[in-house]
There are 2 protein chains.
Amino acid sequence: MTRTHHPRPQLQLRLVAERDIVLGPGKIALLEAIEHHGSIAAACREMHLSYKKAWQLLETMGRHFDTPLVDTCSGGSQRGGATLTPLARELIVHYRALLQRLDAAPESEALRAMLRPLNTPTPPDR
Amino acid sequence: MTRTHHPRPQLQLRLVAERDIVLGPGKIALLEAIEHHGSIAAACREMHLSYKKAWQLLETMGRHFDTPLVDTCSGGSQRGGATLTPLARELIVHYRALLQRLDAAPESEALRAMLRPLNTPTPPDR
DNA sequence: TCCCGTTATTTCCAAACAGACATAGCGAGA
DNA sequence: TCTCGCTATGTCTGTTTGGAAATAACGGGA
């Protein structure tokens with residue numbers, strides 16, 4: 001597996017409140033994976049994320065909302081699982097919309113154009 | 001000094017390329033402080049940043065551009081100092097413009113409105 | 001020639017972080 | 001009652017990170 005596979009310069013978005021990163025690329029991806037798989041554990045396997053880490057991400061997010069972001073249950077016929085609440089789905093929508101606005105802005109392409117072409121070896125010193 | 005002074009939820013922006021954070025809130029602030037003070041060391045003092053850390057930030061940024069971001073000199077009548085190159089100034093302008101677009105977008109306020117009111121004590125468990 | 005504050009870099013140590021692993025409880029179905 | 005995969009949480013350990021401090025070089029001005 002080539003770890004050095006970095007498709008192209010990317011703009012990322014974060015929502016920060018009271019020292020916590022409430023939303024970011026990873027947390028949004030996690031929510032989407034949970035929605036897709038119906039469980040936290042399955043989302044972790046797909047994302048190569050430890051369950052503990054995922055839990056911490058969810059916990060940090062959850063601290064900043066009055067109502068839960070995921071409904072979970074353990075045991076049962078489905079042997080447990082998790083689904084997103086409407087609140088979480090709304091978060092995703094707004095986040096994606098903002099990201100789309102970002103990429104559509106002319107300054108985004110301007111910034112990317114200023115970067116040194118990818119995979120150009122770094123000059124020995126300055 | 002109250003360390004728990006978090007004015008309001010804040011959207012942050014990052015430019016990521018090849019594992020490196022090329023631009024972010026801290027790096028932009030550093031560039032602006034250098035521009036304002038005319039030296040890296042003075043910028044560090046103002047930002048409560050170690051010189052080493054500042055240097056690392058500049059080094060990381062610099063890796064992704066073909067031309068330098070800061071012109072530096074040691075010694076001399078001014079006893080050394082640093083100034084931004086036009087490239088760096090352009091970066092700042094684009095970054096700030098993007099941030100402004102972000103904050104102006106309706107989804108930004110929508111996201112902020114979904115957050116639990118600040119300083120509300122976290123409920124004991126969920 | 002010495003002085004000064006800056007650039008530039010290294011070494012050392014403490015703190016923060018992340019991954020691997022272990023464990024307990026859940027509850028429908030067999 | 002046993003099984004199974006998931007939720008939920010704790011412990012441990014190695015890595016990464018970051019700060020403090022030391023050091024050398026620079027070069028105009030006194």
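All values below come from the heavy atoms of this structure, side chains included, with hydrogens, waters and symmetry mates left out. Order of the sequence lines sets the chain letters (A, B, ...), proteins ahead of strands, with each chain counted from 1.
Within a 6.0 Å sphere centred on CD of Glu46(A), heavy atoms belonging to other residues, nucleotides or ligands number more than 12.
In this view, Lys53(A) and Leu49(A), Ser50(A), Gln56(A), Leu57(A) satisfy the side-chain contact (heavy atoms from CB on, under 4.5 Å) rule, not counting sequence neighbours. Checked against side-chain hydrogen bond (donor to acceptor under 3.5 Å, both in side chains), His64(B) has the following partners two or more places apart in sequence or in another chain: Asp20(B). The side-chain hydrogen bond (donor to acceptor under 3.5 Å, both in side chains) check on Asp71(A) picks up nothing, with sequence neighbours excluded. Listed by chain and number, the residues in a side-chain hydrogen bond (donor to acceptor under 3.5 Å, both in side chains) with Gln10(B) amount to none (sequence neighbours excluded). For Arg14(B), there are no side-chain hydrogen bond (donor to acceptor under 3.5 Å, both in side chains) partners, not counting sequence neighbours. Annotation: side-chain contact (heavy atoms from CB on, under 4.5 Å) contacts of Ser74(B) (sequence neighbours excluded): none. Not a single side-chain contact (heavy atoms from CB on, under 4.5 Å) links Gln100(A) to another residue, sequence neighbours left out. Residues that satisfy the side-chain contact (heavy atoms from CB on, under 4.5 Å) test with Pro106(B), not counting sequence neighbours, are Arg101(A).
In this structure, Leu11(B) is a member of the same hydrophobic cluster as Leu23(B), with clusters built from ILVMFWY side-chain heavy atoms closer than 4.5 Å.
At least one side-chain nitrogen or oxygen of Thr72(B) sits closer than 4.0 Å to the OP1 or OP2 atom of dA8(C). The shortest distance between the side-chain N/O atoms of Trp55(A) and the OP1/OP2 oxygens of dT7(D) is not below 4.0 Å. Contact between the side-chain N/O atoms of Arg45(B) and the OP1/OP2 oxygens of dG5(C) is not found at any separation under 4.0 Å.
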Atom pairs and distances, side-chain donor-acceptor, residues 28-41 of chain B, under 3.5 Å, sequence neighbours left out:
| unit_1 | atom_1 | unit_2 | atom_2 | d |
| --- | --- | --- | --- | --- |
| Glu32(B) | OE1 | Arg96(B) | NH2 | 2.8 |
| Glu32(B) | OE2 | Arg96(B) | NE | 2.9 |
| Glu32(B) | OE2 | Arg96(B) | NH2 | 3.2 |
| Glu35(B) | OE2 | Arg89(B) | NH1 | 3.1 |
| His37(B) | ND1 | Ala33(B) | O | 3.1 |
| Ser39(B) | OG | Ala41(B) | N | 3.4 |
| Ser39(B) | OG | Ala42(B) | N | 2.9 |

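Residue contacts shown for Ala42(A) are absent, as no nucleic acid heavy atom lies under 4.0 Å away.
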Report, one pair per line, the protein and nucleotides 25-27 of chain D atoms (nitrogen or oxygen only) whose separation is under 3.5 Å.
| unit_1 | atom_1 | unit_2 | atom_2 | d |
| --- | --- | --- | --- | --- |
| dC26(D) | O2 | Gly75(B) | N | 2.7 |
| dG27(D) | O4' | Gly76(B) | N | 3.1 |

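Rounding to whole angstrom units, CD of residue Gln78(B) and C1' of dT7(C) are separated by 15 Å. Atoms OH (Tyr51(B)) and P (dT6(C)) sit 10 Å apart, rounded to a whole Å. In this structure, CD of Glu59(A) is placed 15 Å from P of dA18(C), rounded to the nearest angstrom. Whole-Å rounding puts the Leu57(A) CG to dG19(C) P distance at 10 Å.
Taken residue by residue, residues 29-38 of chain A places no heavy atom nearer than 4.0 Å to DNA chain D.
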>> Using a 4.0 Å heavy-atom cut-off to protein, can you give one letter per nucleotide of nucleotides 11-22 of chain D, 5' to 3': B if the base is in contact, S if only the sugar-phosphate is, - if neither?
In response: B------SBB--
